[in-house]
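Just below is one structure, and these are the notes that go with it.
Letters A, B, ... mirror the listed sequences (proteins, then strands); counts begin at 1.
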Amino acid sequence: MNALQIGLTHYLVLGAILFVLGIAGLLIRRNYITIMMALELIFAAAAINFAAFDHFVWGGRFLGQSVVTFIIVVAAGEAAIGLAILIALFRHRHTGNVDDARELKG
Amino acid sequence: MALPPLAEKLSTALPPGAGAGIIFWIMAALTVIGALRVVTAKNPVHSALALILTLAAVSGLYVLLEAPFVWAVQLLVYTGGVTVLYLFVIFFSDLRALARQRWAHKGWLWSIPGLAVLLLLLVRALSGAGALARPLDPAHTTGTPGEIGKLLFGDLVIPFELSSVLLVVALIGAIVLARETKAGEEAGS
């Protein structure tokens with residue numbers, strides 16, 4: 001198979017790489033804002049998968065592309081709430097480290 | 001259409017569809033490089049700039065997937081809006097406190113083999129997915145705003161309206177959470 005003939009698998013593997021990098025960000029970083037950016041990577045991975053399935057499998061019914069639109073909407077809401085929580089955390093604790101936010105920890 | 005000699009030579013040397021392939025590899029490389037930088041950069045501002053690169057490259061992939069509406073939304077809302085929100089929050093908070101601790105703990109390196117196994121399992125599971133692909137319908141159209149709009153106001157009207165409720169709730173929640181509490185007032189009340 002020619003390396004320049006791009007198929008469904010190429011997009012899915014790219015989505016998998018983005019997903020794993022996002023999980024890596026969640027696991028190895030303790031900086032609140034970097035963790036949220038890693039979440040955005042996971043959203044992007046899911047969106048790529050939906051767009052690729054829309055193009056290669058569902059063939060122009062645009063259902064997958066509409067789902068990508070919803071993913072962007074949800075990601076925008078998540079960013080607003082998450083960053084508001086960061087501002088509240090920073091105002092009360094003067095930290096951006098998620099390990100320092102342990103007030104609810106038993 | 002008369003092509004310049006070099007372009008003509010290239011267009012005959014390459015198989016049909018190769019241009020899309022080259023663009024895919026460029027965009028995929030930019031996406032992965034940007035994502036690596038998002039995860040590893042010490043400075044959150046560098047992470048946010050790398051996130052812009054990643055999301056812009058992903059929008060390039062949407063062009064290849066014949067999704068112009070999603071491409072525009074990704075660039076305008078995501079790359080232009082959400083990442084600027086991130087940058088604003090970084091600038092409004094004390095950067096040094098945010099950048100103080102880079103990695104989770106001493107043992108963070110141990111998560112790398114686990115992540116590699118996860119990636120291998122995912123790629124292994126996806127290797128058969130190419131069989132799902134169907135040949136494209138010759139009469140298919142691209143995902144223009146009109147086509148997506150017909151779907152959003154037709155079959156998907158209920159999730160569409162619910163997403164507006166979600167956005168209002170997120171907006172009000174963000175205002176309540178980030179509100180400056182007056183001195184003496186109980187925080188979070």
Side-chain angles (χ1 to χ4, degrees), chain A residues 2-14 16-18 20-21 23-25 27-31 33-34 37-38 40-41 44 48 51-52 54-57 59-60 62-63 65-66 68-70 72-77 79-81 83-88 90 92 94-97, chain B residues 15 17-18 20-22 24 28 32 35-36 38-39 44 47 51 55 58 61-62 65-67 70 73 77-78 82 85 89-90 93 97-98 101 103-104 108 111 115 118-119 122-123 126 129-130 132-134 136-137 140-141 143 147-148 151-152 156 159 163 166-167 170 173-174 177-178 187:
Chain A
N2 193 324
L4 292 178
Q5 298 294 321
I6 304 302
L8 176 63
T9 316
H10 291 81
Y11 287 97
L12 296 186
V13 169
L14 179 64
I17 292 172
L18 265 189
V20 170
L21 282 173
I23 296 284
L27 284 179
I28 70 180
R29 300 302 298 264
R30 275 299 162 262
N31 183 341
I33 206 150
T34 314
M37 290 185 213
E40 302 287 344
L41 292 182
I48 288 176
D54 182 282
H55 185 256
F56 288 105
V57 182
F62 310 126
L63 211 54
Q65 296 183 13
S66 309
V68 175
T69 316
F70 285 123
I72 293 174
V73 169
V74 171
I81 289 286
L83 293 174
I85 292 175
L86 172 63
I87 289 177
F90 200 82
H92 293 297
H94 292 284
T95 178
N97 186 331
Chain B
I22 293 169
F24 172 84
V32 174
L36 274 173
V38 168
V39 173
S47 283
L51 186 67
L55 296 175
V58 168
L61 293 175
Y62 292 148
L65 290 169
E66 298 186 80
V70 177
V73 170
V77 176
Y78 226 139
V82 172
L85 190 64
V89 170
I90 295 170
S93 50
L98 281 178
Q101 193 176 6
W103 308 113
W108 66 271
S111 61
L115 290 165
L118 175 63
L119 182 61
L122 279 174
V123 171
L126 291 173
L132 285 173
R134 292 185 210 151
L136 269 179
D137 181 5
H140 79 284
T141 51
E147 296 288 344
I148 304 284
L151 199 55
L152 284 183
L156 296 176
S163 70
L166 176 82
L167 281 181
L177 281 170

So which of [options] has the largest heavy-atom pair count under 4.5 angstrom toward chain B?
{"options": "A24(A), A84(A), A80(A)", "value": "A84(A)"}
{"options": "L83(A), I23(A), I17(A)", "value": "L83(A)"}
{"options": "A44(A), A51(A), A38(A)", "value": "A51(A)"}
{"options": "T9(A), V74(A), V57(A), I87(A)", "value": "V57(A)"}

task = Just do the side chain to side chain contact (heavy atoms under 4.5 Å, CB included) check on V73(B) and Y78(B) with the steps written out, would you?
result = CA-CA 7 Å; V73(B) 170; Y78(B) 226 139; over 6 Å; no

Which region of [X], side chain (C-beta onward) or backbone (N, CA, C, O), has a non-hydrogen atom less than 4.5 Å from a non-hydrogen atom of chain A, or is it both or neither?
{"X": "L119(B)", "answer": "both"}
{"X": "L115(B)", "answer": "both"}
{"X": "L65(B)", "answer": "both"}
{"X": "V58(B)", "answer": "side chain"}
{"X": "L36(B)", "answer": "both"}
{"X": "L156(B)", "answer": "both"}
{"X": "L166(B)", "answer": "side chain"}
{"X": "V77(B)", "answer": "side chain"}

task = Mind telling me whether Y11(A) and F56(A) have parallel, tilted or perpendicular rings, with 30° and 60° as the class edges?
result = tilted

key: Minimum side-chain heavy-atom gap D54(A)-V68(A) below 4.5 Å   = no

query = Hey, are the side chains of T69(A) and V70(B) touching, using non-hydrogen atoms and a 4.5 Å cut-off?
reply = yes

Can you tell me how far [atom2] of [Y] sits from [atom1] of [X], rounded to the nearest 0.5 angstrom?
{"X": "L12(A)", "Y": "L8(A)", "atom1": "CG", "atom2": "CG", "answer": "4.0 Å"}
{"X": "R29(A)", "Y": "T34(A)", "atom1": "CZ", "atom2": "OG1", "answer": "4.5 Å"}
{"X": "L63(A)", "Y": "I148(B)", "atom1": "CG", "atom2": "CD1", "answer": "9.5 Å"}

request  = Please name all residues satisfying side chain to side chain donor-acceptor pair (under 3.5 Å) with E147(B), sequence neighbours left out, ordered by chain then number.
outcome  = none

Structural part of V13(A) lying under 4.5 Å from a heavy atom of chain B =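 For V13(A), heavy atoms of backbone and side chain both lie under 4.5 Å from chain B.
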
ask   = For L14(A), is it the side chain, the backbone, both, or neither that has a heavy atom closer than 4.5 Å to a heavy atom of chain B?
value =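 For L14(A), the side chain is the part near chain B, not the backbone.
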
request  = Using the test side-chain contact (heavy atoms from CB on, under 4.5 Å), find all partners of A79(A) that sit at least two apart in sequence or belong to another chain.
outcome  = E40(A), V82(B), L85(B), Y86(B)

